[in-house]
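Remarks on the structure that follows.
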There are 2 protein chains.
Amino acid sequence: MPIEQGVSPRGRSSARRGISEATVARLPIYHRVLTSMADRGVTTVSSEELAVASGVSSAKLRKDLSHLGSYGTRGVGYEVDYLVYQIARELGLTQDWPVVIIGIGNLGHALAGYGGFASRGFRVVGLLDSDPARVGEQLGQEPTGLAIRPLSDLEDVVRTTDASIGVIATPAIAAQGVCDRLVAAGVTSILNFAPVVLNTPDGVDVRKVDLATELQILAFHEQRKSDARMRA
Amino acid sequence: MPIEQGVSPRGRSSARRGISEATVARLPIYHRVLTSMADRGVTTVSSEELAVASGVSSAKLRKDLSHLGSYGTRGVGYEVDYLVYQIARELGLTQDWPVVIIGIGNLGHALAGYGGFASRGFRVVGLLDSDPARVGEQLGQEPTGLAIRPLSDLEDVVRTTDASIGVIATPAIAAQGVCDRLVAAGVTSILNFAPVVLNTPDGVDVRKVDLATELQILAFHEQRKSDARMRA
DNA sequence: TAGATTGTTAATCGATTAACAATC
DNA sequence: TAGATTGTTAATCGATTAACAATC
């Protein structure tokens, strides 16, 4: 019996090093597609089926999944429930993540009410806004609802809720200041919707969602297509 | 004088082939950073300065810009205004792009009111929702405002406005159907906020913005960091 | 056993980086 | 001319793909 692959030195096989960013970015897609399959009563899926449903090639899918471990059965495929669980564990969805949202304008409002968070273990535990007129406003239904608190409560909210993830939905001008305060209060992951490049120390992860950028990329390709039509 | 680089066979040098997706995705960032510099009265910028402000390496920045043409001056840097214009032209921001938004819930509402669109040539020309209670609602101020129209008007709106970009902000269940109708009506670029993998024919570009996915990627890294702290 | 499908390898492709000649 | 900085090259790195041996 050849030792093809040493047993991980750590308890959890998934904790091996070297799962690439590109793979991590696709895992949530697989997770969602698999969850929806499970809901429809599908119990087993092949890499080909899952790949098509996820919009990737089956080779890429198998390669991605192989980073988590050997969870398929040759000649058969993957057990949907088991794979959902393994991906969730890899992504850290088996634990609860307290999230604070700063800037409760139109967008912050929409984010606070987004159902897709809670169902994946993200618990919105704080809503902050600098506008005194907005402070105190209650979002959501009473039992689970949350009141908007003044921005000055930021440090307090982060510490009492032990939130490690902050969502910035403020105007651009306020974003860096809020970011600095979040980091100082102990937040180490930031999802940024403000159209600015945030400066953060090492060890803090920032992901940026930029609506204008997305449209601009589409416009670029739209222009290409329009040029191509022109030539034809 | 050696012919190092043939003149493009097309009128516009920027229309050369082979500008990579990775580069295209960064151009909007450069464009925004440069615009903000111009607003502050900066007239000239070096690749090093622009790179730092954009959060990339200067080598990457110069490589990216070199795909557009030779718009810098050795020993000096880049003229801010000129570079802004060249990037805008490359991205197709020098023309107007009519955009329709489908699904005017919290998120669609926020998108419709987002100022970052108009300032970059994206004109929201249609708002559609399937909820009769919402139809007729006026968004924005009177002169520029827009009324929500019934979903059944989709084809009509796309055709009369000649929109080639559609934004889907509907619930997941409705997204594919709306997508199919948009494509049938002639839309060739789609920005999808619904948490589903859309199926589209070749030639249609889809970009997906997925809030839950972004948080899940952060959670993955957060878990890693927490593991690392545990071990320390 | 025969058929199916995984997990992995090796080849390919593409993007990033470092370094520097060109040139202002 | 001396100093600065671009544009480009070549090396490196990482991700994707195709193919197939392993194995259910």
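Only this structure's heavy atoms are used, side chains among them; waters, hydrogens and symmetry mates stay out. In what follows, every chain begins at residue 1, and chains take the letters A, B, ... in the order their sequences are listed. Every value quoted in this text rests on a predicted model; they were computed, and no experiment measured them.
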Can you tell me if [X] uses its side chain to pair, donor with acceptor, with the backbone of [Y] under 3.5 Å?
{"X": "Arg181(B)", "Y": "Gly177(B)", "answer": "no"}
{"X": "Trp97(A)", "Y": "Gly92(A)", "answer": "yes"}
{"X": "Arg224(A)", "Y": "Phe220(A)", "answer": "no"}

Paired with [N] by Watson-Crick or G-U wobble geometry, both distances under 3.5 Å: which nucleotide is it?
{"N": "dG3(C)", "value": "dC24(D)"}
{"N": "dC13(D)", "value": "dG14(C)"}
{"N": "dT8(D)", "value": "dA19(C)"}

Please determine if a side-chain N or O atom of [X] lies less than 4.0 Å away from the OP1 or OP2 oxygen of [N].
{"X": "Ser47(B)", "N": "dT6(D)", "value": "yes"}
{"X": "Thr73(A)", "N": "dT6(C)", "value": "no"}
{"X": "Tyr78(B)", "N": "dG7(D)", "value": "yes"}

Starting the side chain at C-beta, find the nucleotide from [options] nearest to [X].
{"X": "Lys63(B)", "options": "dC20(D), dT6(D), dT16(C)", "result": "dT16(C)"}
{"X": "Ser20(B)", "options": "dA15(C), dT17(C), dG7(D)", "result": "dA15(C)"}
{"X": "Ser66(B)", "options": "dT17(C), dT6(C), dG7(D)", "result": "dG7(D)"}
{"X": "Arg62(B)", "options": "dA18(C), dT16(C), dC20(C)", "result": "dC20(C)"}
{"X": "Ala22(B)", "options": "dT17(D), dT16(D), dT16(C)", "result": "dT16(C)"}

Please report the distance, rounded to the nearest Å, between [atom1] in [X] and [atom2] in [N].
{"X": "Asp64(B)", "N": "dT17(C)", "atom1": "CG", "atom2": "P", "answer": "11 Å"}
{"X": "Leu50(B)", "N": "dT5(D)", "atom1": "CG", "atom2": "P", "answer": "14 Å"}
{"X": "Tyr82(B)", "N": "dT6(D)", "atom1": "OH", "atom2": "P", "answer": "16 Å"}
{"X": "Gln86(A)", "N": "dG7(C)", "atom1": "CD", "atom2": "P", "answer": "12 Å"}
{"X": "Lys60(A)", "N": "dG14(C)", "atom1": "NZ", "atom2": "C1'", "answer": "12 Å"}
{"X": "Tyr71(B)", "N": "dT8(D)", "atom1": "OH", "atom2": "C1'", "answer": "17 Å"}
{"X": "Leu65(A)", "N": "dT16(D)", "atom1": "CG", "atom2": "P", "answer": "14 Å"}
{"X": "Leu61(A)", "N": "dA18(D)", "atom1": "CG", "atom2": "C1'", "answer": "15 Å"}

- Map Arg26(A) and Ser46(B) onto DNA chain D by nearest heavy atom, then report which one ends up closer to the 5' terminus.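 Its nucleotide being nearer the 5' end, the pick is Ser46(B).
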
- Take Gly75(A) and Gly77(B), find for each the nucleotide of DNA chain D with the closest heavy atom, and name the residue whose nucleotide sits nearer the 5' end.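 Whichever sits nearer the 5' end wins; that is Gly77(B).
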
- Item | For the student: nearest non-hydrogen atoms of Ala175(A) and Val196(A), plus distance |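 So the two residues come closest at CB-CG2, 3.7 Å.
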
- State, to 0.1 Å, how close Ile19(A) and Glu90(A) come at their nearest heavy-atom pair, and which atoms those are.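 Heavy-atom minimum between the residues: CD1-OE2, 3.8 Å.
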
- Message: Students often get this wrong, so: under 4.0 angstrom with heavy atoms, is Ser57(A) touching a base, only sugar-phosphate, or nothing?
- Response: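 Contact class for Ser57(A): sugar-phosphate only.
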
- Query: Taking N and O atoms by type only, does the side chain of Arg74(A) place a donor or acceptor under 3.5 Å from a partner on the base of dT5(C)?
  - Reply: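 In this structure, the two groups form no donor-acceptor pair.
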
- Query: Which of these passes side chain to side chain contact (heavy atoms under 4.5 Å, CB included) with Ile101(B): Leu128(B), Val125(B), Val124(B)?
  - Reply: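 The option that passes is Val124(B).
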
